[in-house]
Amino acid sequence: MQHYSGFGLIKHSLSHHENWQRAWRNPTPKKKYDVIVIGGGGHGLATAYYLAKEFGVTNVAVIEKGYLGGGNTARNTTIVRSNYLWDEAAHLYEHAMKLWEGLSQDLNYNVMFSQRGVLNLGHTLQDMRDIQRRVNANRLNGIDGEVLDAKQVQELVPHMDCSANTRYPVLGASWQPRAGVARHDAVAWGYARGADALGVDLLQQTEVTDLIIEDGTIVGVKTNRYGDIMADRVGAVVAGNSSVVAKMGGFELPLESHPLQALVSEPIKPVLDTVVMSNHVHGYVSQSDKGDLVIGAGIDGYNGYGQRGSFPTIEHTLQAIVELFPIFSRVRMNRQWGGIVDTCPDACPILSETPVKNLYFNCGWGTGGFKATPGSGHVFAASLAKGEMHPLAKPFSMFRFHNGALVDEHGAAGVAH
Amino acid sequence: MLHIYCPHCCEYREEEEFHVKGQAHIARPLDPEACSDKEWGEYLYFRKNPRGLHHELWVHAAGCRKFFNVTRDTVSYEIKEVYLIGEQPSVVAQSDSAK
């Protein structure tokens, strides 16, 4: 793998940047792998990378039906935070946060992780009580967090309307200074390049059409391009399409796939140097390095695989943003898109063994998977390498919906949706 | 924006008047006490989440406030059929009808 550095940039400028090595190969698959990862998004590529790097399993293929990082990795609003209420979730997302903090160095790829802080606003007395409870829980778990009042919020975000005269006045917020944003594509590309360099085969434009199961044990997958590819273990990391792959395995998951829309504005001058999220008026916004406002909100209520949603959802989103930032009322929106998010009843992911032996699922991240990419990949890689779920992943078994041990983050953790 | 025909109002109305309530035809187990944890958990949480035809329950929340069923394609979002509670869908997916 070609090492990226400032010196390399200068060196390649002499040849007009025409001789850069390809970031990854385009290999022909082997007949059999130790591990196959279905899905070449952020989580799948991170899984492959950590399998090869940390757990010594290099005979790995990632099978992606489109192109790498073309699904929800390319469609999210890039917010990274770890201020979850319950211990199980907090530990998982904080594990990811710690990996984020060294990720650019680890991958030798600038993922532009910017710890500009995240505000979760409170607009009612109950909001503020929940925020205090959550920040206390975070601090007990070693996660940074502060409760701010309206005046402190106003100092952090001068352009936000924190006056008492609004319909939903800002009473305060939780503030996680270590949270922030990252460059979503770079995360997928960095992991892909790192995994490829360690010997992982990345098979793009290859769709898994069926699972090959013998006596209740998975032995391989059928693909549209390369026929049958065998494997000892298979990890499905297919987000919105998890139910479709589970059906190939003959079981159902407690998931529903919904469209989640986001939009960006035209680029404007720097106006917002942190991330503002509000559950109550329901929207979140940050400003990218290019200057465009990155805006998102809730899912469309109906099930959908169409990677697009309905206009009323966009309208509600922008109503919330303009309520908070009247200054944005005449900013024009540049682009709008949708992704398919696989939502779980308790708004926590599924990292799990399945009824099919040696088939594992990493799904159900719903509206908040991007922030967990490194942690999700790391614990899932550990689980696939050992054939036993990592301790951080254990509470997120799909069978928690049988025994009732849910990790009920819904609405409790400032989960914005 | 979906335009949805409410079979109670007998009119097409805009999506914003409606709420989707998830998968249709989920029968509550007749004897909940006799269910295993698995059966009860699947009744509560496990859902068909098809890529293709889906039968779902909608409510005309800002209209007549009555419930009805919709068969909709989850990829194109096209509504194939609207039918009343207690009726069975006439448009079904190939794999469903085979069962």
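A note on names: the letters A, B, ... follow the listed sequences, proteins ahead of strands, and every chain is numbered from 1.
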More than 12 non-hydrogen atoms from neighbouring residues, nucleotides or ligands closer than 6.0 Å to [atom1] on [X], yes or no?
X: A/Lys394; atom1: NZ; result: yes
X: B/Asp31; atom1: CG; result: yes
X: A/Glu388; atom1: CD; result: no

Residues from [range] approaching chain A under 4.5 Å (heavy atoms):
range: residues 78-90 of chain B; answer: none
range: residues 35-45 of chain B; answer: B/Asp37, B/Lys38, B/Gly41, B/Glu42, B/Tyr45
range: residues 8-23 of chain B; answer: B/Glu15, B/Glu16, B/Val20, B/Gly22, B/Gln23

Examine whether an atom of [X] lies under 4.5 Å from a heavy atom of chain B, and if so say whether it belongs to the side chain, the backbone or both; otherwise answer neither.
X: A/Ile314; answer: neither
X: A/Asn241; answer: side chain
X: A/His316; answer: side chain
X: A/Arg400; answer: neither

Can you tell me if B/Asn49 uses its side chain to pair, donor with acceptor, with the backbone of A/Ser257 under 3.5 Å? yes
Distance-only check: which donor-acceptor pairs under 3.5 Å involve side-chain atoms of residues 205-214 of chain A, not counting sequence neighbours?
{"from": "A/Thr206", "atom 1": "OG1", "to": "A/Gln204", "atom 2": "O", "distance (Å)": "2.9"}
{"from": "A/Thr209", "atom 1": "OG1", "to": "A/Lys222", "atom 2": "O", "distance (Å)": "3.3"}

So [Y] and [X], do their side chains get closer than 4.5 Å, heavy atoms only?
X: B/Trp58; Y: A/Tyr302; answer: yes
X: B/Tyr77; Y: A/Pro259; answer: yes
X: B/Arg47; Y: A/Pro254; answer: no

Do you know which of A/Phe311, A/Phe401, A/Phe399 has the most heavy-atom pairs with chain B at a distance under 4.5 angstrom? A/Phe401
So which residue, A/Gly301, A/Ser310, A/Cys344, ends up with the most heavy-atom pairs under 4.5 Å with chain B? A/Ser310
To the nearest 0.5 Å, what is the distance between CE on A/Met398 and CZ on B/Phe46? 4.5 Å
Between B/Lys48 and A/Glu252, is the closest basic N to carboxylate O distance under 4.0 Å? yes
